[in-house]
Amino acid sequence: PNAPNPFNGQTLIRYRLDKRMPVRLTVQDLSGRTVAVLANGVQGAGEYSIEWEAKGLPTGLYELGLESDGSKAVRKLEIAR
């Protein structure tokens, strides 16, 4: 999950991997358009944190998607300015 949520311009996204694997971490608007790619490549086991600044994006709901090892987890993000 990210913190804070809702956020005003900047948030911290944390995730953990149990083993080395390909990872794709994206933010999409509710129409399915990718607005940011935060990670895309092979990462080792461990904990990760990414600070994301949502420059130029309007207030509203977005989806944070983490694809790894053939599965996908989705969380809602809310930009509140």
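Below, all heavy atoms of this structure are taken into account, side chains as well, without hydrogens, waters or symmetry copies.
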Distance (rounded to the nearest 0.5 Å) between Y62 OH and Q28 CD = 12.0 Å
Test applied, side chain to side chain contact (heavy atoms under 4.5 Å, CB included); reference residue, I79; option that passes from L57, V27, N5 | L57
Answer whether the closest heavy-atom distance between the side chains of D69 and K19 falls below 4.5 Å.
-> yes
Here the gap from R20 atom CZ to S68 atom OG, rounded to the nearest 0.5 Å, amounts to 14.0 Å
Can you tell me how far the CD atom of E67 sits from the OG1 atom of T26, to the nearest 0.5 Å?
-> 6.0 Å
Nearest non-hydrogen partners of L12 and S49, listed with the distance = CD1-CB, 3.9 Å
Intermediate values then yes/no, salt bridge (Lys or Arg N to Asp or Glu O under 4.0 Å), E63 and K76 | CA-CA 5 Å; E63 292 184 338; K76 298 287 185 196; 2.8 Å; yes
Is any side-chain heavy atom of N40 closer than 4.5 Å to a side-chain heavy atom of V23?
-> no
CZ-CG distance between R75 and L64, expressed to the nearest 0.5 angstrom = 8.5 Å
So how far is it from R24 CZ to L38 CG, rounded to the nearest 0.5 Å?
-> 10.0 Å
Between atom CG of L30 and atom CG of L61, what is the distance when rounded to the nearest 0.5 Å?
-> 5.5 Å
Does one hydrophobic cluster hold both V35 and L66, with members joined at side-chain heavy-atom distances below 4.5 Å?
-> yes
Looking only at non-hydrogen atoms, find the nearest pair between Y48 and G44 and report the distance.
-> OH-O, 2.7 Å
Is it the case that one hydrophobic cluster holds both V74 and I50, taking links as side-chain heavy atoms less than 4.5 Å apart, direct or via other members?
-> no
Please walk me through it: do Q10 and E51 pass side chain to side chain contact (heavy atoms under 4.5 Å, CB included)?
-> CA-CA 7 Å; Q10 195 170 42; E51 197 168 301; 2.6 Å; yes
